[in-house]
Peer 1: 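Sharing a structure with you now.
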Amino acid sequence: MRIDIISVVPELLHSPLQHSIMKRAQEKGLLEVHIHDLRHFGLGKHRQVDDYPFGGGAGMVLRPEPLAQCLDTLMAQHTYDEIIYLTPDGQRFDQKMANRLSLKDNLLLIAGHYKGIDERIRQHYVTLEISIGDYVLSGGELPALVVVDAVGRLIPGVLNDETSALLDSFQDGLLAPPVYTRPANFRGWEVPQVLRSGNFKAIEAWRYEQALQRTRQRRPDLLLDEEAE
Ligand code: SAM
């Protein structure tokens, strides 16, 4: 999968992609992430990318011309499955959307800044708008990284153990069960006996029961969602 990200603060994007699973995904050739500095398409000698909002009010808005030029350049080279704008008023990002996006080949993400991007870019270029939650961040770089990570780890071959992602929270409409590692006894706090029993059927049943119980207690809405489907 190829993911392009357009940003006015590209420096924010580099480090999280250079470590751990995202680094391995790129080294294995399963994920390519290309970061584009919007200022390269800025106007005039100051490479201006923003301007005052029509109608007045506080804050700046990302102008349409640099974004359109950057998008046109990229779209002339690649066919994108989705052109995504990260925005608080977009569709709420969740595991289902991550699963769906992980099946795509080419994604283009636009990270906004200031008050956001000129509405005409949203109307004429963007095919999907994603919010990572009901709060406002300073820029779309962290949301873009959230999407890249959540989607990237689902690409077949990225995780060493394929089944690991399937057992994570939300994959089957349930939260994940508790996990333990060595030592079996830490300060007198024992790991549940069943997990040390070697009885895989019993372990699976225990995990399912724990996942169900945890979901009932913490996120009963997930169980209602399942019933509704
Ligand atoms: N004026 C916008 C509003 O009230 O909806 C908020 C703009 S925010 C300060 C600047 C940029 O951060 C946005 O253009 C968007 O790209 C990104 N952003 C902030 N919060 C976000 C969220 N919850 N989900 C996705 N993107 C977000």
Side-chain angles (χ1 to χ4, degrees), residues 1 3 12-31 33 86 88 90-104 107 130-138 140-229:
M1 173 185 286
I3 302 182
L12 283 174
L13 292 163
H14 292 292
S15 172
L17 297 169
Q18 285 165 3
H19 304 277
S20 183
I21 291 171
M22 289 305 103
K23 178 184 179 197
R24 280 211 307 274
Q26 293 172 88
E27 283 173 352
K28 286 182 183 172
L30 298 168
L31 175 68
V33 184
L86 285 312
Q91 276 182 50
R92 183 80 69 83
F93 189 57
D94 61 12
Q95 194 63 33
K96 279 199 181 88
M97 201 190 285
N99 286 339
R100 191 162 57 75
L101 291 176
S102 73
L103 303 175
K104 308 287 185 191
L107 300 176
I130 295 181
S131 163
I132 62 157
D134 288 351
Y135 40 81
V136 175
L137 299 164
S138 316
E141 287 75 17
L142 294 178
L145 289 167
V146 165
V147 171
V148 171
D149 190 300
V151 170
R153 68 198 299 283
L154 294 173
I155 299 170
V158 166
L159 295 182
N160 288 334
D161 180 355
E162 291 290 296
T163 55
S164 172
L166 297 177
L167 297 175
D168 283 336
S169 290
F170 310 112
Q171 272 310 358
D172 53 2
L174 295 178
L175 298 179
V179 291
Y180 298 87
T181 185
R182 284 179 291 183
N185 184 329
F186 173 62
R187 297 183 179 169
W189 305 329
E190 292 267 351
V191 170
Q193 181 54 41
V194 63
L195 294 178
R196 293 181 277 155
S197 67
N199 180 341
F200 292 109
K201 233 174 157 179
I203 292 171
E204 209 178 300
W206 181 88
R207 284 186 172 148
Y208 179 72
E209 197 43 52
Q210 290 288 317
L212 202 56
Q213 195 178 316
R214 193 161 271 205
T215 310
R216 263 195 219 112
Q217 283 166 354
R218 300 179 183 203
R219 293 291 306 275
D221 56 301
L222 294 177
L223 298 172
L224 293 175
D225 286 353
E226 283 292 296
E227 278 167 22
E229 273 172 17

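Numbers here simply count residues along the sequence, with the first being 1.
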Peer 1: Kindly write out the residues that satisfy salt bridge (Lys or Arg N to Asp or Glu O under 4.0 Å) with Arg24, not counting sequence neighbours, or none if the list is empty.
Peer 2: none
Peer 1: Which pair of non-hydrogen atoms, one from Gly90 and one from Ser131, has the smallest distance, and what is that distance?
Peer 2: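 Closest approach of Gly90 to Ser131, heavy atoms only: O-CB, 3.6 Å.
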Peer 1: Mind checking whether Ile3 and Leu17 have side chains closer than 4.5 Å, heavy atoms only?
Peer 2: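 Counting from C-beta outward, Ile3 and Leu17 never come under 4.5 Å.
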Peer 1: Partners of Asp172 by side chain to side chain contact (heavy atoms under 4.5 Å, CB included), sequence neighbours excluded?
Peer 2: Leu174
Peer 1: Taking only residues two or more places apart in sequence, or in another chain, which ones meet Arg100 in a salt bridge (Lys or Arg N to Asp or Glu O under 4.0 Å)?
Peer 2: none
Peer 1: Which residues pass the ring pair (Phe, Tyr, Trp, His ring centres under 6.0 Å) test with Phe186, not counting sequence neighbours?
Peer 2: Trp189
Peer 1: What's the separation between atom CD1 in Ile132 and atom CZ in Arg92, rounded to the nearest 0.5 Å?
Peer 2: 10.5 Å
Peer 1: Do Asn199 and Val194 have side chains that approach each other closer than 4.5 Å (heavy atoms only, starting at C-beta)?
Peer 2: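 No - every pair of side-chain heavy atoms lies 4.5 Å or more apart.
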Peer 1: Under the side-chain hydrogen bond (donor to acceptor under 3.5 Å, both in side chains) test, which residues partner Lys96, sequence neighbours left out?
Peer 2: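 Lys96: side-chain hydrogen bond (donor to acceptor under 3.5 Å, both in side chains) contacts with Glu229.
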Peer 1: Return all side-chain donor-acceptor pairs below 3.5 angstrom for residues 140-149, not counting sequence neighbours, or 'none' if the list is empty.
Peer 2:
| from | atom 1 | to | atom 2 | distance (Å) |
| --- | --- | --- | --- | --- |
| Glu141 | OE2 | Ser7 | OG | 2.7 |

Peer 1: Please give me the minimum heavy-atom distance between Ala176 and Ser169, naming the atom from each residue.
Peer 2: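 Result for this residue pair: N-OG, 2.8 Å.
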Peer 1: What are the two closest heavy atoms between Tyr135 and Pro88, and how far apart are they?
Peer 2: O-CB, 4.3 Å
Peer 1: Among all residues two or more places apart in sequence or in another chain, which pass the side chain to side chain contact (heavy atoms under 4.5 Å, CB included) test with Val191?
Peer 2: Tyr180, Leu195, Arg196
Peer 1: For residues Phe93 and Val151, report the shortest heavy-atom separation together with the two atoms involved.
Peer 2: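 Closest pair (atom of Phe93, atom of Val151, distance): CZ-CG2, 4.3 Å.
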Peer 1: Find the distance between CG (Leu159) and CG (Asp168) and round it off to the nearest 0.5 Å.
Peer 2: 8.0 Å
Peer 1: Taking only residues two or more places apart in sequence or in another chain, which ones pass salt bridge (Lys or Arg N to Asp or Glu O under 4.0 Å) with Asp161?
Peer 2: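 None.
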Peer 1: I'd like to check the side chain to side chain contact (heavy atoms under 4.5 Å, CB included) partners of Asn185; sequence neighbours left out, ordered by chain and number.
Peer 2: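 Partners of Asn185 by the side chain to side chain contact (heavy atoms under 4.5 Å, CB included) criterion, ordered by chain and then number, come out as Glu190.
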Peer 1: Tell me every residue that passes salt bridge (Lys or Arg N to Asp or Glu O under 4.0 Å) with Arg182, counting only those two or more places apart in sequence or in another chain.
Peer 2: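 Arg182 satisfies salt bridge (Lys or Arg N to Asp or Glu O under 4.0 Å) with no other residue.
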Peer 1: So how far is it from His19 NE2 to His14 NE2, rounded to the nearest 0.5 Å?
Peer 2: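 Result: 12.0 Å between the selected atoms.
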Peer 1: By side chain to side chain contact (heavy atoms under 4.5 Å, CB included), which residues pair with Ile155, not counting sequence neighbours?
Peer 2: Met1, Leu30, Leu31, Val158
Peer 1: Looking only at heavy atoms, which two atoms of Arg153 and Ile21 are closest? And how far apart?
Peer 2: CB-CG2, 4.4 Å
Peer 1: Output side-chain donor-acceptor pairs under 3.5 Å for residues 202-217, partner residues at least two apart or in another chain, one line each.
Peer 2:
| from | atom 1 | to | atom 2 | distance (Å) |
| --- | --- | --- | --- | --- |
| Thr215 | OG1 | Leu175 | N | 2.9 |
| Thr215 | OG1 | Ala211 | O | 2.6 |

Peer 1: Should we count NZ of Lys28 as having more than 12 external heavy atoms under 6.0 Å?
Peer 2: yes
Peer 1: Minimum heavy-atom separation for Leu222 and Gly173, please, with both atom names.
Peer 2: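 Result for this residue pair: CB-O, 3.6 Å.
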